[in-house]
Peer 1: 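My structure is below; once you've seen it, I'll send some questions.
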Amino acid sequence: MVSIAKVIVDVPTMQTNKPYDYLILAEFDEQIMPGMRVEVPFGQGARKVQGFVVEITQASNFKGELKAIANLMDLTAVLDEELLLLGREMARWTFSFQITCYQTMLPAMLRAKYEKKIKVIDEIPENLFFELFKGRNELTWDEATERGLMPQLLKLKKKELVELSYSVKNQAKTKKRRMIQSDLSFEQLEEEIIGLGKRAPKQSVLLRQLQSLNNESISTTDMNKKYGVSAAILREAENKKWLSFFEEEMYRDPFKHKEFKKTEPFVLNDTQEKALQPIMKAVKQHEKEVFLLKGVTGSGKTEIYLQTIAETLKNGQSALMLVPEIALTPQMVHSFKGRFGGAVAVLHSGLSIGEKYDEWRKIERQEAKVVVGARSSIFAPVKNIGVIIIDEEHEGTYKQDENPRYHAKDVAIWRADYHSCPVILGSATPSLESRARAYKKVYTLLELPERVNKKDLPVVEVIDMREEVKTGNRSNFSIVLQEKIRDRIAKKEQIVLLLNRRGYSSFVMCRDCGFVLPCPNCDISLTLHMDTKTMKCHYCGHEEAIPRICPSCNGHKIRYYGTGTQKIEEELHDIIPEARVIRMDVDTTRKKGAHEKLLSAFGNKEADILLGTQMIAKGLDFPNITLAGVLNADTGLGLPDFRASERTFQLLTQVSGRAGRAELKGEVIVQTFNPEHYSIQLAQKHDYDAFYQKEMLLRHRGNYPPFFFTILITTSHTEELQASKKMQEIVESIRPNLRPETILLGPTPKAVARVNNRYYYQTIIKYKHEPTLFKQLQELLSQSQKEMAKGLQIAIDSEPMHFI
DNA sequence: AGCACGCCGACT
DNA sequence: GTCGGCGTGCTC
């Protein structure tokens, strides 16, 4: 009986968003199982694609002739039953392809890579052979296109002298090392040592080491580095049959050179104990309860996480914890590795793809039982999950802004449901959505209202920058802030300065005619980058020289406006020359490990001031920081985004938490042009509850989440009319099927209507209850296939983070 | 995505 | 008449 595999193929179109049937050849019959990656022929020609086996059955409904699976790409399944099911369901609620979901779940190394080659299969004229193939037998597709050889090659193909070959490249390479094992017993080795001449000291060292191995093995590198035994000696020893070599798979350990000091659980205070109890109960009883742990900065949330995880490990279960990428600091890693040692796998963007793959394998083999990582770690192949923790749950980075547009929180709750275990959402400033759910008792609210060190939250002083301007201070630093910075430097204490760059960029403008340099491809102005001395477009990546003369009026009065971290650093240097500044932003942290290096330099007090963007607001904990400054608190407030106030409040609260973590008292300076804005005033008072009340009122008035669910539909096309027409059509087709209280905003052009020469139109749907809406939209997507093949793009984003 | 099929214009 | 343009539809 021939078995049949149902395969999701790597061809992202609606028609292929269902399994295709393939025959399983006898040679694979034993090993094949659902969740494995396979290489399958697809379409006419010789094209081969990667696919995922989702099921193995005995019969097929397909009317045509089945093709056979060409190759297995894995020895064991890379997706288990749970993840296969999750991918299928996620594709539905994120309006994306199943294949895209599966690819997202896996480390980059297991994602499909294709190799397209042109092979010589018959005699071709010698001159052509050398001209085209340079005497080789095959040519990569890329090279052929680059050298413009395709027309000639296609002619040869017609004559069947060459053929196209496709293959799926399996990049999943493990790192191996060469190991030595002794082939002689202790006594035999002893004899060899006695028999050695005095002039063979290295061999004697080797033999002594082999004796001390005690049936263990040692790597050739260790033997060389630690004992100075060279490869030549080892080779000779192999010839003498003293030892033999074998290959051992190893992990690329990103923390190879680090020691983690073992930490012990702290004794919890009463409030922590009170918060921990219900969680522990849920962990022990395997209840799928969602907790919202609301604790002020420094209230010891991490210790609660650690003790919860310890409990799940005790029960033989594993734990999954998400943190925002930028909070994945060495400090964070330390506290987890310190408590749980080798049982911890850490996944973050700073790892190489090889390192990520190895961490993934450690989890897959259940060697790591605790996973700490950013958004995509929610798909870690952990079995038997005992708890899922999402720290800083309000963070927008948990929502992926490309397909599949999933929210890690939704996936967490899905997986917790599957495993029947609790979820902990932790934050000092919960998202309104989560807080509201806790209010409605959908989540269980747990609160940690005080800091562990019993210190008061730092005093926040709000500086009205309008007054500064009036008194003639045109700089970005208020007089008060300048004084405080000098004071801290004198006291050898440290400072963090945050530049809130959201919605802000530096641009150049002509003072005479007001001309602002636009991007040729997008409807947006170019941003000045001092490091590369160019103008860049943040949307399409276009780059050009900084103009000296105004292209519009030929004037010479081109000036820089706006504020970047680079400019602030220079300004700071002018005002306070003695300040030693470390700047942290995308430009200085791009390189691998740069982030960590800068932070440890700051930790070693090599600088007085840490100046940066959002990335310095999260999680860092330096006892010597006593002053935190926000240079421009309100740049986000002007944005047409209903979450602007919430983000500002969260950011300010977070920054306040950076100051005065230890013995020294902290102080916070917030500079703003909107000192009376409620998000700034309430952040100053550390009053989350009042902010929640106020903001809920406004959300209610504006019919925004959490009172309404939202879906954002975007169409785009290189021709504006096509995009607008389709959007119009979509709105007309769904409106009649919606309830009267459902609100449609659109169609409207997007705020940046043209990006990369494509035109964007959007519609927002706000609804309370639309049981058929998802189905309708699914339908809409599948009906639009033809247009989508002709350059139209439709994106559907449920609960988007940004509406512009 | 990539390939074949099929239907129209310009060429040996 | 044939070569080759790309619009259309299918891939187990």
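By convention in this document, chain letters (A, B, ...) are assigned in the order of the sequence lines, proteins followed by strands, and residues within each chain are numbered from 1. The basis for the numbers below is simple: all heavy atoms, side chains too, and nothing from hydrogens, waters or symmetry mates.
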Peer 1: Is D358(A) salt-bridged to K175(A), going by a charged N under 4.0 Å from an acidic O?
Peer 2: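 No.
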
Peer 1: Please determine whether a side-chain nitrogen of the Lys or Arg among E325(A) and R375(A) lies less than 4.0 Å from a carboxylate oxygen of the Asp or Glu.
Peer 2: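 No, this pair does not count.
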
Peer 1: Between dC12(C), dG2(B), dA1(B), which nucleotide gets closest to the side-chain atoms of K116(A)?
Peer 2: dG2(B)

Peer 1: Return the value, rounded to whole Å, for the distance between atom NZ of K18(A) and atom P of dC12(C).
Peer 2: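 Nearest whole value for this atom pair: 10 Å.
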
Peer 1: Nearest whole Å is fine: how far is dT11(C) P from E39(A) CD?
Peer 2: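 Atom-to-atom, E39(A) to dT11(C), this comes out as 21 Å.
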
Peer 1: Can a donor-acceptor pair be found between the side chains of K766(A) and T742(A) at a distance below 3.5 Å?
Peer 2: no

Peer 1: To the nearest Å, give me how far apart CG (L66(A)) and P (dT11(C)) are.
Peer 2: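 Between P of dT11(C) and CG of L66(A): 12 Å.
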
Peer 1: Are the ring of F62(A) and the base ring of dC12(C) both nearer than 5.5 Å at their centres and tilted by less than 30°?
Peer 2: yes

Peer 1: Would you kindly give the CH2-to-C1' distance between W141(A) and dG2(B), to the nearest whole Å?
Peer 2: 9 Å

Peer 1: Could you state the atom-to-atom distance from CZ of F42(A) to C1' of dA1(B) in whole Å?
Peer 2: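 In whole Å, dA1(B) C1' and F42(A) CZ are 9 Å from each other.
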
Peer 1: Can you find a side-chain donor-acceptor pair between R758(A) and S716(A) that sits under 3.5 Å?
Peer 2: yes

Peer 1: Over all strands shown, is T13(A) touching base, sugar-phosphate only, or nothing at heavy-atom distances under 4.0 angstrom?
Peer 2: base

Peer 1: Answer yes or no: is there an ion pair linking R361(A) with E364(A), defined by an N-O contact shorter than 4.0 Å?
Peer 2: no

Peer 1: Taking atom P of dC10(C) as reference, at what distance in whole Å does atom NZ of K67(A) sit?
Peer 2: 15 Å

Peer 1: Taking D797(A) first and then K399(A), would you say they form a salt bridge - that is, a charged N and a carboxylate O separated by under 4.0 Å?
Peer 2: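 So D797(A) pairs with K399(A) through a salt bridge.
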
Peer 1: Under 4.0 Å between any heavy atoms, over every strand shown, what does K48(A) touch: base, sugar-phosphate, or nothing? Just pick one.
Peer 2: nothing

Peer 1: Expressed as a whole number of angstroms, how long is the span from R47(A):CZ to dG2(B):P?
Peer 2: 6 Å

Peer 1: Just checking Y22(A): base, sugar-phosphate only, or nothing, at a heavy-atom cut-off of under 4.0 Å?
Peer 2: sugar-phosphate

Peer 1: Could you tell me the separation between the CZ atom of F97(A) and the C1' atom of dA1(B), rounded to a whole number of Å?
Peer 2: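 Distance check: F97(A) CZ to dA1(B) C1' gives 11 Å.
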
Peer 1: Residues of residues 779-791 of chain A with any non-hydrogen atom less than 4.0 angstrom from an atom of DNA chain C: list those, numerically ordered, please.
Peer 2: K786(A), K790(A)

Peer 1: Is the terminal nitrogen or CZ of K362(A) (NZ for Lys, CZ for Arg) located under 6.0 angstrom from the six-membered ring centre of Y251(A) and within 45° of that ring's axis?
Peer 2: yes

